[in-house]
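Report on the following structure.
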Amino acid sequence: MARARLLLPLPFAAAAAASASSLHLAASRLRLPAVSVARRECLFGGRVVGGVVRAPARLAKRGLCAGAEAGGSAGTVVGQEEAMEWVKKDRRRLLHVVFRVGDLDKTIKFYTECLGMKLLRKRDIPEERYTNAFLGYGPEDSHFVVELTYNYGVESYDIGTAFGHFGIAVEDVAKTVELIKAKGGTVTREPGPVKGGKSVIAFIEDPDGYKFELIERGPTPEPLCQVMLRVGDLDRAINFYEKAFGMELLRKRDNPEYKYTIAMMGYGPEDKNAVLELTYNYGVKEYDKGNAYAQIAISTDDVYKTAEAIRVNGGKITREPGPLPGINTKITACTDPDGWKTVFVDNIDFLKELEE
């Protein structure tokens with residue numbers, strides 16, 4: 001299954017570092033993997049002249065393109081407007097969020113008994129010394145879920161200061177908190193209005209110290225509704241997620257009294273879709289990411305086009321687009337301007353994985 005390989009277990013850190021180094025070199029040269037000229041030609045409507053991919057005339061006239069020799073010796077640079085046109089048409093949604101835990105069975109028990117999630121599937125990879133568990137509030141082909149990774153023998157991780165929390169929509173925050181207390185869960189903020197707002201919330205922690213914000217809301221098709229990440233430049237982050245990822249800025253709220261600003265980014269309304277909550281704390285430009293939180297996975301119709309759109313909008317490709325070794329699932333991976341990692345997974349390949 002492809003997604004087991006989207007996050008490398010920690011015991012293989014040395015190999016991962018070597019791989020990341022080579023991927024960084026490839027990205028810095030704006031090279032795409034060795035795919036056919038015809039494949040590169042179709043990315044944004046280019047054509048082949050003398051074995052070289054030429055961008056459409058509308059790009060060439062603006063001086064925004066460069067030829068690429070067959071075999072991928074250089075990437076074709078395309079304009080941001082053309083990239084955004086395609087990104088907005090791409091069928092994208094948040095698939096899952098990946099993070100590491102120290103006791104998989106204990107975490108599964110907490111998520112199912114206290115948070116009401118279902119264990120969707122579990123997969124052990126003994127030859128690579130790790131286990132995955134997928135949990136959520138509905139099937140993976142239609143819901144945003146969590147992918148837990150347990151690396152053999154690793155009992156704890158550093159969450160750092162950059163990761164914020166996950167958000168879960170519940171109909172009654174107070175009742176949910178009482179249930180969590182009865183099950184031995186840790187409540188770090190009692191139910192009450194959010195600072196600077198009216199929404200009723202509470203905060204809890206799971207066995208590994210990950211924070212969950214419980215948000216009082218009516219019935220929703222997507223209870224696992226938020227992933228909060230801290231950023232050093234909010235306007236820069238919003239611009240990147242809009243242009244490179246095709247997300248919408250759903251809302252933005254400044255809280256000068258508490259010295260922070262948030263921006264909700266996603267592919268649809270907050271009450272029906274999982275979203276990113278980007279948080280900027282006044283004057284804080286950098287954070288410690290630790291080694292616990294890993295990445296978010298997003299679906300796409302074409303990983304090659306996705307990678308090109310990310311490049312022209314300032315993102316760094318950390319895994320060149322193409323099929324994973326040994327299987328047919330196509331992915332690409334990148335980091336945003338703050339270093340947060342995202343993996344894009346081919347829509348058709350993802351559904352095929354779920355059928356296996």
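Start at 1 with the first residue, then count along the sequence.
- Salt-bridge annotation for R311 and E320: present, with a side-chain N of the basic residue lying under 4.0 Å from a carboxylate O of the acidic one.
- Contact check on E222 versus R217 returns no salt bridge, with no Lys/Arg side-chain nitrogen under 4.0 Å from an Asp/Glu carboxylate oxygen.
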Could you go through the side-chain contact (heavy atoms from CB on, under 4.5 Å) check for R230 and T161 one step at a time? CA-CA 8 Å; R230 297 184 175 94; T161 59; 5.5 Å; no
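- With R92 as reference, T306 is the one residue of T306, N347, D301 to meet the side-chain hydrogen bond (donor to acceptor under 3.5 Å, both in side chains) rule.
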Table please: side-chain donor-acceptor pairs of residues 166-178 below 3.5 Å, with sequence neighbours left out.
from	atom 1	to	atom 2	distance (Å)
D172	OD1	A174	N	3.1
D172	OD1	K175	N	3.0
T176	OG1	D172	O	2.9

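- Atom CZ in F240 sits 5.5 Å away from atom CG in D336 (nearest 0.5 Å).
- Nearest heavy atoms, P126 versus Y152: CA-OH, 3.3 Å.
- Applying the under-4.5 Å side-chain rule to Ile, Leu, Val, Met, Phe, Trp and Tyr, the cluster around M228 consists of that residue alone.
- Checked by atom type and distance alone, the side chain of N281 never pairs as donor or acceptor with a backbone atom of V284 at under 3.5 Å.
- Between the side chain of Y258 and the main chain of T261, no donor-acceptor pair closer than 3.5 Å is present.
- Classification of K289 and D338 as a salt-bridged pair fails, no side-chain N sitting under 4.0 Å from a carboxylate O.
- Around CD1 of I348, the count of heavy atoms belonging to other residues, nucleotides or ligands within 6.0 Å does not exceed 12.
- Electrostatic pairing of D235 and K252 counts as a salt bridge here, judged by a charged N lying under 4.0 Å from a carboxylate O.
- Tested against H165 for a ring pair (Phe, Tyr, Trp, His ring centres under 6.0 Å), the candidates F212, Y210, F203 yield a single pass: F203.
- Salt bridge present: K122 and D105 bring a charged side-chain N and a carboxylate O closer than 4.0 Å.
- Considering all non-hydrogen atoms of both residues, Y157 and A292 come closest at CB-CB, 3.6 Å.
- Side-chain contact of D90 with Y267: a donor-acceptor pair under 3.5 Å is absent, judged by distance alone.
- Using modelled atom types, one finds a donor on one side chain and an acceptor on the other under 3.5 Å when comparing D254 with Y282.
- Between the side chain of N291 and the backbone N or O of D158, at least one donor-acceptor pair lies under 3.5 Å.
- Tested against H96 for a side-chain hydrogen bond (donor to acceptor under 3.5 Å, both in side chains), the candidates E147, Q295, H143, E140 yield a single pass: E147.
- Classification of the F163-Y293 ring pair by plane angle, with boundaries at 30° and 60°, yields parallel.
- Between the D208 side chain and the V101 main chain, no donor and acceptor come within less than 3.5 Å of each other.
- When all heavy atoms of F144 and A274 are compared, the pair lying nearest together is CD2-CB, 3.5 Å.
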